[in-house]
Amino acid sequence: DVQLQASGGGLVQAGGFLRLSCAASGFTFDTYVIAWFRQAPGKEREGISCISTSDGTTYYVDSVKGRFTISKDNGKNTVYLQMNSLKPEDTGVYFCAAVHESLVSATEPFGQAMKILRDFGSWGQGTQVTVSS
C-alpha cells in the first residue's frame, strides 16, 4: 500500500528557510506524480507544487514561484521541498500526496492535475510550518 511521511517543518523567522521531506514506500516510486499541499487555519487545502518522478517535470503555484523548489531522489524514494524567503503567509500544515502517473495527462493543466491529486491521491500526515514576522 502507498505510504507517505512528511517531515522537516518548524518555526522560522520571515526570510528564513526550511526543507521538507516526503518519504515514500509501498509503491514503484519512479512512476508517480507527487505533490505538496498546505492548509492554513480556516482555509482550504491548497496545492503548491508537484513533480513527476519519471521525467522530473515540475510545477508551482504562482505564490511560491522563485522561492520554493521541489526535487526528488529516486534512490531514496523521497521528494523534497526547499522553501526559501519564507513569508508569514506560508504558515500552515504541509502535506504530500501521490498518484500514479497514469491518472494525470501529460497535457493536464496544473490546476486540474492538483485537483486529481487532492481528490484521488494517497496522503501522508502533515508537518507544521510556522513563519513569524
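Scope of the values below: all heavy atoms of this structure, side chains included, with no hydrogens, waters or symmetry mates.
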>> Could you measure the distance from the OH atom of Tyr59 to the OG atom of Ser52? Nearest 0.5 Å is fine.
In response: 9.0 Å
>> Any heavy-atom pair between the side chains of Cys22 and Trp36 that's under 4.5 Å?
In response: yes
>> Can you confirm whether Phe29 is buried at CZ, in the sense that more than 12 heavy atoms of other residues, nucleotides or ligands lie under 6.0 Å from that atom?
In response: yes
> In Å and rounded to the nearest 0.5 Å, what is the CD to CZ distance from Glu44 to Arg38?
Replying inline: 14.5 Å
> Hey, what do you get for CD (Gln112) to CD1 (Ile116), rounding to the nearest 0.5 Å?
Replying inline: 5.0 Å
>> On a heavy-atom basis, which atom in Val61 and which in Gly47 lie closest, and how many Å separate them?
In response: CB-O, 3.8 Å
Could you tabulate the donor-acceptor pairs under 3.5 Å formed by side-chain atoms of residues 126-133, not counting sequence neighbours?
residue : atom : partner : partner atom : Å
Thr127  : OG1  : Gly9    : N            : 3.0
Gln128  : NE2  : Thr130  : OG1          : 3.3
Ser132  : OG   : Val12   : O            : 3.4
Ser132  : OG   : Gln13   : OE1          : 3.2

Going by atom type alone, with no hydrogens or angles, which donor-acceptor pairs under 3.5 Å involve a side-chain atom of residues 75-86 and a protein atom two or more places apart or on another chain?
residue : atom : partner : partner atom : Å
Thr78   : OG1  : Lys76   : O            : 2.9
Gln82   : NE2  : Asn84   : OD1          : 3.0

> Checking salt bridge (Lys or Arg N to Asp or Glu O under 4.0 Å) for the pair Lys65/Asp62: CA distance, chi angles, key distance, verdict?
Replying inline: CA-CA 5 Å; Lys65 285 180 180 177; Asp62 287 345; 3.0 Å; yes
>> Please report the interatomic distance OG1(Thr53) to CD1(Ile34), rounded to the nearest 0.5 Å.
In response: 5.5 Å
>> The test is side chain to side chain contact (heavy atoms under 4.5 Å, CB included); show your working for Leu4 and Phe95 and say whether it passes.
In response: CA-CA 9 Å; Leu4 302 169; Phe95 303 84; over 6 Å; no
> In Å, rounded to the nearest 0.5 Å, how long is the span from CD of Glu46 to OH of Tyr94?
Replying inline: 8.0 Å
> Do Lys72 and Asp30 pass the salt bridge (Lys or Arg N to Asp or Glu O under 4.0 Å) test, and can you show the C-alpha distance, the side-chain angles, and the key distance before you say yes or no?
Replying inline: CA-CA 10 Å; Lys72 62 185 179 70; Asp30 61 357; over 6 Å; no
> More than 12 foreign heavy atoms under 6.0 Å from CZ of Phe120: is that the case here?
Replying inline: no
> Think Arg118 forms a cation-pi with Trp123, using NZ or CZ under 6.0 Å from the six-ring centre and within 45 degrees of its axis?
Replying inline: no
> Is Ile51 reachable from Phe110 through a run of hydrophobic residues whose side-chain heavy atoms are each under 4.5 Å from the next?
Replying inline: yes
> For Glu89 and Thr91, what are the C-alpha separation, side-chain angles and deciding distance, and is it a side chain to side chain contact (heavy atoms under 4.5 Å, CB included)?
Replying inline: CA-CA 5 Å; Glu89 51 262 46; Thr91 293; over 6 Å; no
>> Going by side-chain contact (heavy atoms from CB on, under 4.5 Å), name the residues that satisfy it together with Ala35, two or more places apart in sequence or in a different chain.
In response: Phe37, Cys50, Met114, Leu117
>> Determine whether Tyr60 and Ile48 satisfy the following criterion, side chain to side chain contact (heavy atoms under 4.5 Å, CB included), listing intermediate values before the conclusion.
In response: CA-CA 6 Å; Tyr60 301 90; Ile48 57 172; over 6 Å; no
> What distance do Gln125 atom CD and Gln5 atom CD have between them, rounded to the nearest 0.5 Å?
Replying inline: 8.5 Å
>> Classify the ring geometry of Tyr32 against His100: parallel below 30°, tilted from 30° to 60°, perpendicular beyond 60°.
In response: perpendicular
